[in-house]
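Nothing here was measured: the structure is a model prediction, and the numbers come from that model. By convention here, the first residue in the shown sequence is residue 1.
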Amino acid sequence: MSVKVKFIRDDNAEFVIDNSLWKIPSDGLTGFDFTGIAITTENNAISDGSYLTSKRIPEKDRTIKAILQNKSMNKTMRQIVRGFFNMKHTFSVYITYQGITRWCKGELYSVSLPTDNIYNRLKLDVTILSPMPFMLSEDNYAQNIALIEPLFEFPYNKKIGELWEFSRFKFANSVELINDGDVETYCKAVMTAKGSVTNPKLIKGDKFIKILDTLETGDVVIIDLENQPVSITKNGVNIIGKTDRTSSFNDMVFNVGSNMIGYDADDGSNMLDVTIYFNKRYLGI
C-alpha cells in the first residue's frame with residue numbers, strides 16, 4: 001500500500017509514518033475513504049412512512065494504525081510516541097495515498113500503545129476527531145486579485161513615450177476561482193495596505209464584508225471565513241466589531257464550480273494588495 005502519514009502538532013512538532021521505521025498494515029486506515037451523512041426523520045402522523053427533518057455531515061473520526069519494524073527500538077519509540085501524542089494539543093494529519101495528498105485537522109480522541117509481550121513489535125493506534133469533517137486539499141490555491149500582468153519577456157521591451165513598460169497592475173479588483181472539490185468551501189482573505197485605505201470590503205456577487213476602519217501603509221487585515229467562528233483581525237488584533245452591520249458572512253461561500261470574488265474600498269482601493277486562500281474540501285481520499 002503506497003501511503004504516508006504525517007502528523008503536525010499545533011506547536012509544529014512532527015511525527016511521520018512512511019512505511020520504513022513504522023509500517024501501516026492493510027487495515028491501518030479507517031475513516032479516510034468517505035465522509036458519512038446524518039439523516040433524521042419523523043414519522044408521519046397519519047400516513048405511512050416518515051418525513052425528512054434534517055440532513056447534515058457530522059464530525060468525523062479517523063484512525064491510523066502502525067507497527068514498529070525494529071523490535072529493539074520498542075522502549076525508545078514508546079517514550080517518543082507518548083511524548084508526541086498529547087491530549088492538550090490539536091493535530092493536522094496529512095495523508096498521501098496513491099500519490100494524492102489531503103489533510104484534516106482535529107483533536108486527539110484516543111491513542112493506544114498496547115502493553116503486551118515486550119518482545120512483540122510495538123503497535124500504535126491513533127484516532128483524530130475532526131469537528132470540520134472534510135478532507136482538505138494540500139494546496140491553498142492562493143490568488144492575488146491585484147496581480148501584475150506580464151507583457152514581454154526580458155530582454156524585449158516596449159517603449160511608451162519616454163518609459164519602458166515591462167509589466168503593469170491589473171486593477172480588475174476581482175478574480176475567478178474554481179472550486180472543483182466535492183462540496184462548498186470558504187476562503188481566507190489577506191488585505192495589505194500600501195497606502196491609506198478607507199473602509200475596505202471583500203465582495204462576492206451582491207454580498208460583501210465591509211470593515212469600517214482606515215488602514216495605513218503596512219496594516220494587514222485578515223478575514224478568515226474558514227475559521228469557526230469567523231475571525232477578522234487587523235495586525236493580529238480582533239476587529240470583528242468594526243464590520244458594517246449589513247455585512248454577510250454565510251453568503252461568502254465558494255460553491256462548487258466558478259466563483260467571482262473581489263474587493264473595493266470607499267477610498268484608496270488601488271492601495272490594497274489582496275490575496276485569497278482557500279482549500280478545496282473532499283468527502284474522502
Side-chain angles (χ1 to χ4, degrees), residues 35 37 52-57 131-134 136-137 139-149 168-217 219-283:
T35 302
I37 192 168
L52 182 70
T53 58
S54 70
K55 182 170 65 173
R56 56 182 293 272
I57 296 177
M132 199 290 290
F134 303 108
L136 304 176
S137 61
D139 194 340
N140 61 13
Y141 298 96
Q143 292 285 333
N144 189 339
I145 298 178
L147 56 82
I148 295 177
E149 177 185 22
R168 62 170 173 252
F169 277 99
K170 290 174 60 179
F171 290 114
N173 290 24
S174 65
V175 66
E176 180 185 25
L177 298 175
I178 303 299
N179 175 19
D180 56 6
D182 293 334
V183 296
E184 62 189 24
T185 189
Y186 293 87
C187 75
K188 178 170 71 175
V190 179
M191 298 179 165
T192 304
K194 298 176 291 184
S196 183
V197 181
T198 304
N199 301 340
K201 64 179 178 180
L202 186 69
I203 305 168
K204 185 177 186 294
D206 60 350
K207 307 298 181 182
F208 62 86
I209 297 173
K210 186 173 184 177
I211 310 298
L212 301 178
D213 196 8
T214 297
L215 310 184
E216 302 298 341
T217 302
D219 285 342
V220 178
V221 169
I222 299 178
I223 302 174
D224 192 348
L225 299 171
E226 294 179 315
N227 192 58
Q228 293 298 324
V230 170
S231 168
I232 300 180
T233 62
K234 175 184 176 183
N235 302 330
V237 178
N238 179 24
I239 59 166
I240 199 165
K242 290 188 176 183
T243 52
D244 182 279
R245 63 183 181 84
T246 58
S247 295
S248 176
F249 295 100
N250 293 333
D251 293 320
M252 301 296 286
V253 61
F254 279 22
N255 297 310
V256 175
S258 174
N259 297 268
M260 294 298 298
I261 190 162
Y263 70 95
D264 204 348
D266 288 351
D267 187 57
S269 62
N270 62 326
M271 290 290 102
L272 270 180
D273 185 41
V274 181
T275 301
I276 305 297
Y277 301 87
F278 74 103
N279 289 99
K280 299 173 184 178
R281 296 181 176 185
Y282 299 94
L283 296 174

Asn199 and its side-chain hydrogen bond (donor to acceptor under 3.5 Å, both in side chains) partner, picked from Asp266, Asp244, Asp213: Asp266

Residues Phe208, Thr246; criterion side-chain contact (heavy atoms from CB on, under 4.5 Å); working and verdict: CA-CA 8 Å; Phe208 62 86; Thr246 58; 3.4 Å; yes

Residues Tyr141, Leu177; criterion side-chain contact (heavy atoms from CB on, under 4.5 Å); working and verdict: CA-CA 9 Å; Tyr141 298 96; Leu177 298 175; over 6 Å; no

Interatomic spacing from NZ in Lys188 to CG in Leu202 - rounded to 0.5 Å: 13.5 Å

Salt bridge flag under 4.0 Å for residues Lys280 and Asp180: yes

Euclidean distance, Asn179 CG relative to Arg281 CZ, rounded to 0.5 Å: 9.5 Å

Atom pair CD1 (Ile57) and CZ (Phe134), whose distance is rounded to the nearest 0.5 Å: 3.5 Å

Any donor-acceptor N/O pair, Asn144 side chain to Thr275 backbone, under 3.5 Å: no

Stepwise side-chain contact (heavy atoms from CB on, under 4.5 Å) test for Glu226 and Tyr277: CA-CA 10 Å; Glu226 294 179 315; Tyr277 301 87; 5.8 Å; no

Flag, side chain of Asn259 to backbone of Glu176, donor-acceptor distance under 3.5 Å: no

Which atom of Ser269 lies closest to which atom of Asp264, heavy atoms considered: CB-OD1, 3.7 Å

Nearest atoms (heavy-atom pairs only) where Cys187 meets Phe254: CB-CZ, 3.8 Å

Smallest separation among heavy atoms of Leu215 and Ala193, with atom names: CB-CB, 3.8 Å

Reported CG-to-NZ distance for the pair Leu212 and Lys201, which is rounded to 0.5 angstrom: 10.5 Å

Given Ile276, Leu272, Val175, the one that forms side chain to side chain contact (heavy atoms under 4.5 Å, CB included) with Tyr263: Leu272

Atom of Ile203, atom of Met252 and distance for their closest heavy-atom approach: C-CE, 4.1 Å

Stepwise side chain to side chain donor-acceptor pair (under 3.5 Å) check, Ser137 with Asp139: CA-CA 5 Å; Ser137 61; Asp139 194 340; over 6 Å; no

Criterion side-chain contact (heavy atoms from CB on, under 4.5 Å) on Ile232 and Phe249, from CA distance to verdict: CA-CA 11 Å; Ile232 300 180; Phe249 295 100; 3.7 Å; yes

Rounded distance [0.5 Å steps], OH in Tyr282 versus CG in Asp182: 7.0 Å

Interatomic spacing from CG in Asp267 to OG in Ser196 - rounded to 0.5 Å: 6.5 Å

Shortest non-hydrogen separation from Asn238 to Ile240 and the atoms involved: OD1-N, 3.1 Å

Closest heavy-atom pair and its distance - Thr233, Ile239: C-CG1, 3.9 Å

Heavy-atom donor-acceptor pair, Ser247 side chain to Ile209 backbone, under 3.5 Å: no

Atom CG of Asn250 with >12 non-hydrogen neighbours under 6.0 angstrom: no

